[in-house]
Amino acid sequence: MTRILSDRELTVSLLARQLLLERRPMPAVRAVRHLAALQAQYSPSPYVALHSRLEGFRIEEIEAALRERTLVKSTLMRGTLHLVATGDYPAFAAACRPQLSAVLRTANRAAEPIEQEILAGLAEFTAEPRTTDEIRERVHKLSGGKVKKEWLLDYARTMLPMVHVPPSGMWQQHGKFSLVAWDRPLEPEPAATMALVRGYLAAFGPATREDIAAFTWLRYRQIDPALAALEPLRRLTDTAGRDLYDLPGAALPAEDVPAPVRLLARLDAAVISYRDRARILPADYHDEVMKMVKSNVMPYLVDGLVAGQWSYTLKRETAVLTLRPFAARSGPLPADLEPEAERMLAFVAPDAKKRVVELAAPGLSGT
């Protein structure tokens, strides 16, 4: 009989895979590989994500890895920026390209007859770092205007594997950036998609086919053969009767495992990487948390579930971190909430002469 996992078991399994049950003394590159990928649309997010998960993590670890190219930042899953281990990039990029490229071709059909000429010229041009403006100009010229103006940069970085050049990806580094063509072979199919699906299950499983698709943006015709090739897989179901896939021997902690308070990063993969986010995000707060995607406001966890939001400000020499629970609690606040907030504030504002943690009144935005 197939084992049925409770909602709580799914929650603690996610927390265990995502290093959110207990911090580990793990090097940054190894941690990124363990987590499959870190969302990097917002430059500080990978740093905050690892600070929440690792013991002794330092900002310099990611920055050094980007300079040494043991970590790379690139447009990957869902057409968004991710930080990945260099060893995983050839597979992840190869797996993501078919679906992302199909979107670009559909939007720029006039360029299809000369696609190979455009890509050859672009590969030669980006063999050395180029700014985004330079890339847009070159794609326009190579395509004779057949690639639409609003798609010029996306066309280049989707159709041709490229990675960001430091200082892009550095702590608090925003604004314009440069790209350079990936100079090594990509992983061939079907091994590439197998590696991406395996990485997802290791970092986020157990999961449904729909969850895998939500994270990768791959079609089922690409996902299903990868799942078949990964057999034997552990088969489970959730309380709604949905089929779950998992790697044999992967962690499935008992549902009574205590879950500590954790302050998560903006766009933290633990929250957004499922079609059904109920294992970490209560339905009542779903829309509120999705609003945070475009703001510098981030979720925090209490007992393994999103329970509120946090943000911080730095004025002169004072740093203030504000916690706002989404709902009032019947009992006292978790004992580890304030220490965890203080720990985060010391990380994001190390030079502040004064640090203050404050608790805002409970409620959702506009209430």
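All values below were derived from every heavy atom in this structure, side-chain atoms included, with hydrogens, water molecules and symmetry-related copies excluded.
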Worksheet item: Only one of L122, V180, V72 clears side-chain contact (heavy atoms from CB on, under 4.5 Å) with M162; which?
Response: L122
Practice prompt. For D133 and R138, run salt bridge (charged side-chain N to carboxylate O under 4.0 Å, His left out): C-alpha distance rounded to whole Å, both residues' side-chain angles, the deciding distance at 0.1 Å, then the answer.
Written response: CA-CA 9 Å; D133 287 341; R138 184 51 59 105; over 6 Å; no
Worksheet item: Do the ring centers of Y300 and W310 come within less than 6.0 Å of each other?
Response: no
Item to complete: Tell me whether the centres of the aromatic rings in Y42 and H174 are closer together than 6.0 Å.
Response: yes
Worksheet item: Between L227 and Y245, is a side chain to side chain contact (heavy atoms under 4.5 Å, CB included) present by the stated rule, with each step listed?
Response: CA-CA 8 Å; L227 287 171; Y245 296 85; 4.0 Å; yes
Can you measure from [atom1] ([X]) to [atom2] ([Y]) and round to the nearest 0.5 angstrom?
{"X": "L321", "Y": "E358", "atom1": "CG", "atom2": "CD", "result": "8.5 Å"}
{"X": "L76", "Y": "R78", "atom1": "CG", "atom2": "CZ", "result": "10.0 Å"}
{"X": "S143", "Y": "L152", "atom1": "OG", "atom2": "CG", "result": "6.5 Å"}
{"X": "H286", "Y": "M290", "atom1": "NE2", "atom2": "CE", "result": "4.5 Å"}
{"X": "T80", "Y": "L267", "atom1": "OG1", "atom2": "CG", "result": "8.0 Å"}
{"X": "L104", "Y": "E115", "atom1": "CG", "atom2": "CD", "result": "9.0 Å"}

Enclosure of [X] [atom1] (heavy-atom neighbours >12, cutoff 6.0 Å):
{"X": "E117", "atom1": "CD", "value": "yes"}
{"X": "E112", "atom1": "CD", "value": "yes"}
{"X": "R30", "atom1": "CZ", "value": "no"}
{"X": "R184", "atom1": "CZ", "value": "yes"}
{"X": "R329", "atom1": "CZ", "value": "yes"}
{"X": "H34", "atom1": "NE2", "value": "yes"}
{"X": "I4", "atom1": "CD1", "value": "no"}

Contact summary for [X] and [Y], nearest pair of heavy atoms:
{"X": "W217", "Y": "G79", "result": "CE3-N, 4.1 Å"}
{"X": "Y47", "Y": "G169", "result": "OH-O, 2.7 Å"}
{"X": "A203", "Y": "Q18", "result": "O-NE2, 3.0 Å"}
{"X": "A156", "Y": "I135", "result": "CB-CG2, 3.4 Å"}
{"X": "A85", "Y": "V32", "result": "N-CG1, 3.8 Å"}
{"X": "A269", "Y": "F204", "result": "O-CE2, 3.6 Å"}

Are [X] and [Y] grouped together when hydrophobic residues (ILVMFWY) are joined by side-chain heavy atoms under 4.5 angstrom apart?
{"X": "L263", "Y": "Y312", "value": "yes"}
{"X": "L196", "Y": "Y220", "value": "yes"}
{"X": "V163", "Y": "V29", "value": "no"}
{"X": "L20", "Y": "Y274", "value": "yes"}
{"X": "V257", "Y": "L301", "value": "yes"}

Could you tell me whether [X] and [Y] make a salt bridge, using a distance below 4.0 angstrom between a side-chain N and a carboxylate O?
{"X": "E9", "Y": "R279", "answer": "no"}
{"X": "E55", "Y": "R23", "answer": "no"}
{"X": "D246", "Y": "R17", "answer": "yes"}
{"X": "D183", "Y": "R69", "answer": "yes"}
{"X": "R262", "Y": "E340", "answer": "yes"}
{"X": "R157", "Y": "D154", "answer": "yes"}
{"X": "D88", "Y": "R198", "answer": "no"}
{"X": "E150", "Y": "K148", "answer": "no"}

[Y] and [X], any side-chain heavy atoms less than 4.5 Å apart:
{"X": "L252", "Y": "L5", "result": "yes"}
{"X": "T2", "Y": "D243", "result": "no"}
{"X": "I114", "Y": "K146", "result": "yes"}
{"X": "P98", "Y": "L218", "result": "no"}
{"X": "V320", "Y": "R355", "result": "no"}
{"X": "P90", "Y": "W182", "result": "yes"}
{"X": "T216", "Y": "C96", "result": "no"}

Worksheet entry | S45 vs Q41, side chain to side chain donor-acceptor pair (under 3.5 Å): CA-CA, chis, key distance, verdict | CA-CA 8 Å; S45 287; Q41 289 289 107; over 6 Å; no
Practice prompt. Return the orientation label for the F347 and F57 ring planes: parallel under 30°, perpendicular over 60°, tilted otherwise.
Written response: tilted
Practice prompt. Establish, yes or no, whether the cationic atom of R130 lies under 6.0 Å from the six-membered ring centre of F125 and within 45° of the ring axis.
Written response: yes
Worksheet item: What do the steps show when you test S43 against Q173 for side chain to side chain donor-acceptor pair (under 3.5 Å), and what is the final call?
Response: CA-CA 6 Å; S43 288; Q173 180 68 37; over 6 Å; no
Item to complete: Start with the C-alpha distance between R209 and D224, add both sets of side-chain angles, then the distance that settles salt bridge (charged side-chain N to carboxylate O under 4.0 Å, His left out), and finish with yes or no.
Response: CA-CA 8 Å; R209 292 166 68 242; D224 289 342; 2.8 Å; yes
Worksheet item: When R242 is tested against each of D276, D211, D7 for salt bridge (charged side-chain N to carboxylate O under 4.0 Å, His left out), which residue passes?
Response: D276
